[in-house]
Amino acid sequence: MKYVIIGNGIASIGAIEGIRRVDPEGTIMVIGAEDAPAYGRPLISYLLAGKVDPDRLALRPQEFYDSNKVELKLGTVVTAVDTGSKTLTTTQGESIEYEHLLIATGGTPFTPEISGAEGEDVYNFTNIDQARKLIERAKDMKRAVVIGGGLIGLKAGEALFDRGVDVSIVEQSGRILSLAFDEYAAKLAGERLDEVGLQVQTGVTVKEIQHGKDGRVVGVYLTDGAFLPTEAVVIAIGVVPNFDLARDAGLDVDLGIVVDDHMRTSASDVYAAGDVAQALDLLAGDNRILPVWPNAYNQGFCAGKNMAGQDVAYSGGLSMNSISFYGLPTISVGTVNPPEDDSGYEIVTTLDERKRSYRKLVFHHQRLVGYVLVGDIDKAGMYTAFVKFRLEVGDEDRDRLKAGDPDVLMWPDEFFRKTWNPDSEAPSA
Amino acid sequence: MKRVYPDKEYCIGCHLCELACMTAHSESKDLIIAYREERGKEGLSPRKRVFEKGSVCVAISCRHCDEPSCVAACISGGLYKDPETGRTVYDEDKCVGCWSCLMACPYGAIRRHPVKGKIVKCDLCNGREEGPACVQACPNQALKFEER
Ligand SMILES: Cc1cc2nc3c(=O)[nH]c(=O)nc-3n(C[C@H](O)[C@H](O)[C@H](O)COP(=O)(O)OP(=O)(O)OC[C@H]3O[C@@H](n4cnc5c(N)ncnc54)[C@H](O)[C@@H]3O)c2cc1C
């Protein structure tokens, strides 16, 4: 095989599309552990909520794989990579040779040390299989406890609630959504959930999951001593990079698989992309794990092009999230909680409690480096431009951004022309 | 591929492109009905947006980028590149209204449909014989549909 991709998520799709931009013919094989066509992982909360048809989950039609001549090996786990002989071993006992390899193994659910976390009625919420089990379970269950008040926990809670289950969400830290949002945005989202009837408790978590004699969950003990009766526990704290395979193969691993600016790992002809990779963070300027969807696609795409022989550097990822809570849309991009002791940052917030609309802009010297929008999100993209293209903003423009009025005419002339009205040559990105 | 290129030196900010866009994407294909009825009832809205700053203005819409941020951000497979035409295509049936594309597109070319919980984006008037309606309607040739 010319190209082999381990993992069948969005980074993998990005890679196929990247490879095919450069090499229309070279053989591609994708090996995926999950026995399902590549699907929108974030869609599992929509699936659980009953908002999307199970047959609508595939990200690309079968025709995509046919026309791109991709051989799919699903329900197959790669157990070892030998970078010397350039071969892989799978659970089916096959040995597969590669010329160029991409490791896009994503994340594995993080399970905290809680006694009783192993066993029946305890779920994690990271794949379609878990979502399907929860859909079945929700039919005869009245109460569930969700551990984790981040994006995934809240979406899991919301979806179960939509299935008629009484949901309690517990979050260890002082507030929900502490990573992607600031206090006010989190408060608005929290109020929305509260209004609908989800119970959210912060500053506490589950200390112990109690199973009955038959092994079924009966309740949880919280760190504040309280006991919550429940029939199921969903652990939704997030994922950690799934790099065991890479580490065992002798690749450099830090918090994730270490890659250079071409998505190359420390072994020759081996690349990594997506949630498993520690790649360039556009704003920080160094390599980090930014486990969000768009970055996974972009890294895969960049890796794919490089695997096929083009020389393209990864432009760097941005952390970004767009999530709605019962119809209340929220978006957060870039640096939203800057260090408090750095006077180079200016934070400007506008809150309209009545309209449930909130805007937070974070400037670092002459640049916008992040923002949060709740409610009124329509100008998000225009703000993203300033963060992503690192455009300098003068005083007048800064005032307009602060007034909620960003637009393309504020862009530097030359950049504007090249983007919108170039002389020849089609614009790229 | 042919794309729509806006020229701010010529744009007079008349918004006729927006009206033409709405008409082309309406049921009735009639400007008055589109504007007075379909806009209010069905949330028909233009895929273009006119920006003004002092006396300068420009009408923008989806650039059909070669490597679009919206496609990278789409969690449902509702946005993708058509390898044949090069267009950035939108499949409303697959869209779940998560607004990731709206956040990721730095060109502000995607908006929310006012009632549907879906997005609205330029499709280059897919299949329209005379080409994109906005270009045809522009009274000052500030929009060009060409290969560059
Ligand atoms: C519930 C939920 C909601 C989310 N919502 C959002 C959101 O709204 N926006 C956003 O930006 N991000 C969201 N994320 C994060 C997003 O889903 C990830 O960033 C993205 O899926 C990463 O893609 P990936 O291709 O790197 O990895 P993954 O999607 O994790 O895919 C990796 C695949 O590799 C397979 N694999 C692993 N090891 C092997 C092996 N040894 N052999 C074969 N196959 C293997 C795995 O089974 C898996 O299918 C969400 C995540 C979850 C769980």
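Convention: sequence-line order gives letters A, B, ...; per-chain numbering from 1. Because only heavy atoms are used, hydrogens play no part in the values below, and waters and symmetry mates are left out as well, while side chains stay in.
At a 4.5 Å heavy-atom cutoff, the contact between A:Ile331 and chain B is made by side-chain atoms alone. For B:Glu146, no part lies near chain A; criterion is any non-hydrogen pair under 4.5 Å. There is no contact between A:Phe64 and chain B, counting heavy-atom distances below 4.5 Å.
The 12-atom threshold is not exceeded at CD of B:Gln141, counting heavy atoms of other residues, nucleotides or ligands nearer than 6.0 Å. A 6.0 Å sphere centred on CD of B:Glu27 holds no more than 12 heavy atoms belonging to other residues, nucleotides or ligands. Remark: A:Phe416 CZ is packed, more than 12 non-hydrogen atoms of other residues, nucleotides or ligands lying under 6.0 Å away. Around atom CD of A:Gln62, more than 12 heavy atoms belonging to other residues, nucleotides or ligands sit under 6.0 Å away. Around the OH atom of B:Tyr35, the shell of radius 6.0 Å holds no more than 12 heavy atoms that belong to other residues, nucleotides or ligands. Counting non-hydrogen atoms of other residues, nucleotides and ligands closer than 6.0 Å to CG of A:Asp395 gives a total of 12 or fewer.
Contact record, A:Ser322 with B:Cys98: OG-O, 2.6 Å, taken as the closest heavy-atom pair. When all heavy atoms of B:Ser69 and A:Lys388 are compared, the closest pair comes out as OG-NZ, 3.0 Å. Here the closest non-hydrogen pair linking A:Trp411 and B:Pro106 is CZ2-O, 3.6 Å. B:Ala72 and A:Trp293 get closest at one heavy-atom pair: O-CD1, 3.3 Å.
With contacts defined as side-chain heavy-atom distances shorter than 4.5 Å, the pair A:Lys51/B:Val96 does not qualify. Within the 4.5 Å cutoff, the side chain of A:Arg20 has no heavy atoms near those of the B:Pro83 side chain. The side-chain heavy atoms of A:Ile377 and B:Met103, taken from C-beta on, include no pair separated by under 4.5 Å. Counting heavy atoms from C-beta outward, A:Tyr46 and B:Ser76 have side chains that stay 4.5 Å or more apart.
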Practice task
In sequence, state the C-alpha distance, the side-chain angles, and the governing distance for A:Asp378 and B:Arg112, and then conclude on salt bridge (charged side-chain N to carboxylate O under 4.0 Å, His left out).
Solution key: CA-CA 7 Å; A:Asp378 290 299; B:Arg112 287 190 283 179; 3.0 Å; yes

Practice task
Output, in order, the C-alpha distance, side-chain angles, deciding distance and verdict of salt bridge (charged side-chain N to carboxylate O under 4.0 Å, His left out) for A:Asp413 and B:Lys8.
Solution key: CA-CA 11 Å; A:Asp413 260 351; B:Lys8 65 181 160 74; 3.1 Å; yes

Handout entry: Stepwise side-chain contact (heavy atoms from CB on, under 4.5 Å) test for A:Glu17 and B:Lys81
Key = CA-CA 10 Å; A:Glu17 297 185 348; B:Lys81 285 304 273 184; over 6 Å; no

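Distance check, rounded to the nearest 0.5 Å: CG of B:Leu102 to CE of A:Met382 gives 10.5 Å. Of the inter-residue distances, the one linking B:Lys94 atom NZ with A:Leu59 atom CG reads 6.5 Å to the nearest 0.5 angstrom. In this structure, the separation between CG on A:Leu373 and CH2 on B:Trp99 is 14.0 Å, given to the nearest 0.5 Å. Here the NZ-CZ distance, from B:Lys53 to A:Arg400, works out to 6.0 Å after rounding to the nearest 0.5 Å. Going from atom CD of B:Glu9 over to atom CZ of A:Arg417 covers 10.5 Å, rounded to the nearest 0.5 Å.
Between the A:Arg60 side chain and the B:Tyr80 main chain, no donor and acceptor come within less than 3.5 Å of each other.
If you tally non-hydrogen atom pairs under 4.5 Å between each of A:Ile13, A:Val387, A:Asn295, A:Asn321 and chain B, the highest count goes to A:Asn321. Comparing B:Cys70, B:Cys57, B:Cys74 by how many heavy-atom pairs each has under 4.5 Å with chain A, the most go to B:Cys74.
Between A:Phe389 and B:Tyr107, the ring planes lie tilted relative to each other; the angle falls in the 30° to 60° range.
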